[in-house]
**Q** 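Here you go, one structure.
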Amino acid sequence: MKKVSIVIPVYNEARTVCLLLEKVLKAPLPDALSREIIIVNDASQDNTAEVIQRFMEANAEVDIRFSSHTVNQGKGAALQTGIYLATGDVVIIQDADLEYDPDEYPTLLKPIFDGKADVVYGSRFMGGNTHRVLFFWHSVGNKFLTLLSNILTDINLTDMETCYKVFRTDIIQSIPLKEKRFGFEPEVTAKIARYPGIRIYEVGISYYGRTYAEGKKINWKDGFRAIYCILKYNLFDRSSVKQPVRQTQTVGGNVEEPGSIPASLR
């Protein structure tokens, strides 16, 4: 493996995205692995795009790809765009809100580089890592959603809703994804669990959660959508995964507007 693709969905994160990108640039990677950073701006209404453009101009030597949606579609849609554009051997999902620490990339990548895993979940609920103390009912909700997902997928994750997920690129690009918002997590988990011969690992990670005043976006409605998606993609919509797809796209400069994701990758 030579390159990792770090996919960052962004919506109204002007306050944190520059610091996050600096952390991503400095994050250690094993075996001199190169990195490409794929930022997908989901039609932010603040000056997120301008902040990213200035960062790219100041770091012109870095492999950064920037895509913008013209209409806000949701985190899942931004992830679909980023996954489609990835050219690395592995894909890391990274939020832009500083809740997850890029310094833990080596921990997340190790099971794949050791030849043990195809997919790695970073769990906030295992190990002795640092955690910010926040909302009790959020943690109860996360554990309930993970339990319901585990019952139907027959895998024993401790944190299905985690942001930190690492995939071999050929695998994640072969999975047809549909959810546009926070339903991405239960959908991809249901489909990964059915992937023939898949090897899924978990590693403990730290978590620096934020409050709604600090910009947290997920709410109770997304929790009900997650339940719907768990039931839908495990019981009713059991579409088979496809063979790995590698498509290329010619892009002028650093800024891209890919339009719609091909149907084969939805």
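Since we're looking at a predicted model, the values are computed, not measured.
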**Q** Looking at Glu179 and Lys191, is there a salt bridge between them, counting it only when a charged N and a carboxylate O are closer than 4.0 Å?
**A**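 The answer is no: the pair does not qualify as a salt bridge.
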
**Q** I'd like to know if the side chain of Asn12 and the backbone of Asp46 have a donor-acceptor N/O pair within less than 3.5 Å.
**A**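 Checking the backbone N and O of Asp46 against the side chain of Asn12, a donor-acceptor pair under 3.5 Å is found.
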
**Q** Check step by step if side chain to side chain contact (heavy atoms under 4.5 Å, CB included) holds for Phe184 and Leu177.
**A** CA-CA 8 Å; Phe184 170 85; Leu177 297 169; 3.8 Å; yes

**Q** Using side chain to side chain contact (heavy atoms under 4.5 Å, CB included), reason through Leu85 and Ser67 one step at a time and then give a plain yes or no.
**A** CA-CA 9 Å; Leu85 294 172; Ser67 175; 4.0 Å; yes

**Q** Hydrophobic cluster membership, with links at side-chain heavy-atom distances under 4.5 Å among I/L/V/M/F/W/Y: are Tyr228 and Leu231 in one?
**A**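 Result: no, two separate clusters.
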
**Q** With no hydrogens and no angle check, is any side-chain donor or acceptor of Ser149 less than 3.5 Å from a backbone partner on Ile230?
**A**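 Flag not set: sc Ser149 to bb Ile230 has no pair under 3.5 Å.
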
**Q** Is there side-chain contact between Leu29 and Tyr105, with heavy atoms separated by less than 4.5 Å?
**A**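 They are in side-chain contact.
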
**Q** Would you say Met160 and Pro186 make side-chain contact, with heavy atoms under 4.5 Å?
**A**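 Sidechains of Pro186 and Met160: in contact.
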
**Q** Can you find a heavy atom in the side chain of Gln94 that is under 4.5 Å from one in the side chain of Pro102?
**A**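 Yes; the side chains approach each other to less than 4.5 Å.
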
**Q** Does Thr169 use its side chain to pair, donor to acceptor, with the backbone of Asp89 at less than 3.5 Å?
**A**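 Between the backbone of Asp89 and the side chain of Thr169 there is a qualifying donor-acceptor contact (under 3.5 Å).
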
**Q** Taking atom CD1 of Ile39 and atom CZ of Phe55, what is their separation to the nearest 0.5 Å?
**A**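 So the gap between those two atoms works out to 7.5 Å.
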
**Q** Could you give the distance from CG (Asp97) to SG (Cys163), rounded to the nearest 0.5 Å?
**A**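 The distance works out to 7.5 Å.
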
**Q** What do you reckon, are the aromatic ring centroids of Tyr164 and Tyr121 less than 6.0 Å apart?
**A**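 No, the ring centres sit 6.0 Å or more apart.
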
**Q** Rounded to the nearest 0.5 Å, how far apart are OG1 of Thr146 and CD of Glu185?
**A**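 Nearest 0.5 Å value for the OG1-CD distance: 10.0 Å.
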
**Q** Which atom pair, heavy atoms only, marks the closest approach of Val203 to Pro111?
**A**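 Closest approach of Val203 to Pro111: CG1-CG, 4.0 Å.
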
**Q** Does NZ belonging to Lys110 count more than 12 external heavy atoms closer than 6.0 Å?
**A**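 Count not over threshold, so no.
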
**Q** Is there side-chain contact between Leu25 and Ile37, with heavy atoms separated by less than 4.5 Å?
**A**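 Yes; the side chains approach each other to less than 4.5 Å.
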
**Q** Hydrophobic cluster membership, with links at side-chain heavy-atom distances under 4.5 Å among I/L/V/M/F/W/Y: are Leu147 and Leu152 in one?
**A**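 Yes; Leu152 is reachable from Leu147 via cluster members.
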
**Q** Indicate the atoms forming the closest heavy-atom contact of Ser174 with Pro176, along with that distance.
**A**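 For Ser174 versus Pro176, the nearest heavy atoms are O-CD, 3.6 Å.
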
**Q** Indicate yes or no for a side-chain donor-acceptor contact from Asp114 to the backbone of Lys116 under 3.5 Å, with no hydrogens or angles considered.
**A**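 It does not hold such a pair.
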
**Q** With a 4.5 Å cut-off on side-chain heavy atoms, are Met126 and Ile205 touching?
**A**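 Answer no - side chains too far apart.
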
**Q** Which of these passes side-chain contact (heavy atoms from CB on, under 4.5 Å) with Ile92: Val120, Val24, Leu109?
**A**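 Looking at Val120, Val24, Leu109, the match for Ile92 under the side-chain contact (heavy atoms from CB on, under 4.5 Å) is Leu109.
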
**Q** What are the two closest non-hydrogen atoms of Lys165 and Thr189, and how far apart are they?
**A**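 Closest heavy-atom pair between Lys165 and Thr189: CE-OG1, 4.3 Å.
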
**Q** Going by an N to O cut-off under 4.0 Å, is there a salt bridge joining Lys75 and Asp95?
**A**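 Yes.
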
**Q** Please determine if Glu36 and Lys3 form a salt bridge, counting it only when a charged side-chain N lies under 4.0 Å from a carboxylate O.
**A**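 Here Glu36 pairs with Lys3 in a salt bridge, since their nearest N and O are under 4.0 Å apart.
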
**Q** Considering all heavy atoms of both residues, which atom of Tyr201 and which atom of Ala117 are nearest to each other, and what is their separation?
**A**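 In terms of heavy atoms, the two residues are closest at CD1-CB, 3.6 Å.
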
**Q** Using a 6.0 Å distance limit plus a 45 degree cone around the ring axis, check whether Lys143 lies over the aromatic ring of Phe125.
**A**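 Ring-cation test returns yes.
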
**Q** Any side-chain heavy atom of Ile198 within less than 4.5 Å of one from Ile171?
**A**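 Yes. Closest side-chain heavy atoms under 4.5 Å.
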
**Q** If you group Ile, Leu, Val, Met, Phe, Trp and Tyr by side-chain heavy-atom gaps below 4.5 Å, do Leu235 and Ile155 land in one group?
**A**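 As far as the 4.5 Å side-chain criterion goes, Ile155 and Leu235 are connected within one cluster.
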
**Q** Strictly below 4.0 Å, N to O, side chains only: are Asp159 and Arg124 in salt-bridge contact?
**A**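 Salt bridge present between Asp159 and Arg124.
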
**Q** CD of Glu99 to CG of Leu20: how many Å apart, nearest 0.5 Å?
**A**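 Taking CD in Glu99 and CG in Leu20, the distance rounds to 11.0 Å.
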
**Q** Where the side chain of Thr16 meets the backbone of Ala96, is there a donor-acceptor pair that is under 3.5 Å apart?
**A**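 Checking the backbone N and O of Ala96 against the side chain of Thr16, a donor-acceptor pair under 3.5 Å is found.
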
**Q** Go through the side-chain N and O atoms of Thr158 and Ser123 and say whether any donor and acceptor fall under 3.5 Å apart.
**A**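 Per modelled atom types, Thr158 and Ser123 side chains form a pair under 3.5 Å.
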
**Q** To the closest 0.5 Å, what do you measure between CD (Glu13) and CG (Asn47)?
**A**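 Going from CD on Glu13 over to CG on Asn47, the span is 12.0 Å.
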
**Q** Is there a side-chain contact between Val10 and Ile8 in this structure, where contact means two heavy atoms from C-beta onward sitting under 4.5 Å apart?
**A**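 Side-chain contact under 4.5 Å: yes.
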
**Q** Give a yes or no answer on whether the side chain of Arg181 reaches the backbone of Ala77 with a donor-acceptor pair at less than 3.5 Å.
**A**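 A pair under 3.5 Å: no.
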
**Q** Would you say that Gln173 contacts Phe167 through its side chain, given a criterion of any heavy-atom pair below 4.5 Å between the two side chains?
**A**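 No, every pair of side-chain atoms sits at 4.5 Å or beyond.
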
**Q** Taking Asp118 for the side chain and Arg199 for the main chain, is one N or O donor matched with an acceptor at less than 3.5 Å?
**A**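 Yes: the side chain of Asp118 pairs with the backbone of Arg199.
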
**Q** In this structure, would Val188 and Phe236 fall into the same cluster of hydrophobic residues linked by side-chain contacts under 4.5 Å?
**A**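 Looking at the clustering, Phe236 is in the same group as Val188.
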
**Q** To the nearest 0.5 Å, what is the distance between CD1 (Ile175) and CD (Gln80)?
**A**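 Between atom CD1 of Ile175 and atom CD of Gln80 there are 12.0 Å.
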
**Q** For Gly74, is there any backbone N or O sitting under 3.5 Å from a side-chain donor or acceptor partner on Asp42?
**A**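 Judged by distance alone, yes, a pair lies under 3.5 Å.
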
**Q** Between Glu187 and Lys178, is there a donor-acceptor pair closer than 3.5 Å when you use the side chain of the first and the backbone of the second?
**A**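 Between the backbone of Lys178 and the side chain of Glu187 there is a qualifying donor-acceptor contact (under 3.5 Å).
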
**Q** Run the side chain to side chain contact (heavy atoms under 4.5 Å, CB included) check on Val140 and Asn142 step by step: do they pass?
**A** CA-CA 6 Å; Val140 171; Asn142 282 335; over 6 Å; no

**Q** So, using side-chain hydrogen bond (donor to acceptor under 3.5 Å, both in side chains) as the criterion, who are the partners of Ser44 when residues are at least two apart?
**A**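 Expected list: Asn41.
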
**Q** Where is the tightest heavy-atom contact between Ile38 and Ser5, given as atom of each residue plus distance?
**A**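 So the two residues come closest at CD1-CB, 4.3 Å.
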
**Q** Give a yes or no on whether the backbone of Leu145 and the side-chain of Glu161 come within a donor-acceptor separation of less than 3.5 Å.
**A**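 No, because the side chain of Glu161 does not come within donor-acceptor range (under 3.5 Å) of the backbone of Leu145.
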
**Q** Which heavy-atom pair separates Ala193 from Thr153 by the least distance, and what is that distance?
**A**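 Shortest heavy-atom separation between Ala193 and Thr153 comes out as CB-CB, 3.8 Å.
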
**Q** Dump the intermediate steps for side chain to side chain contact (heavy atoms under 4.5 Å, CB included) on Leu148 and Ile227, then the final yes or no.
**A** CA-CA 8 Å; Leu148 181 60; Ile227 294 173; 4.1 Å; yes

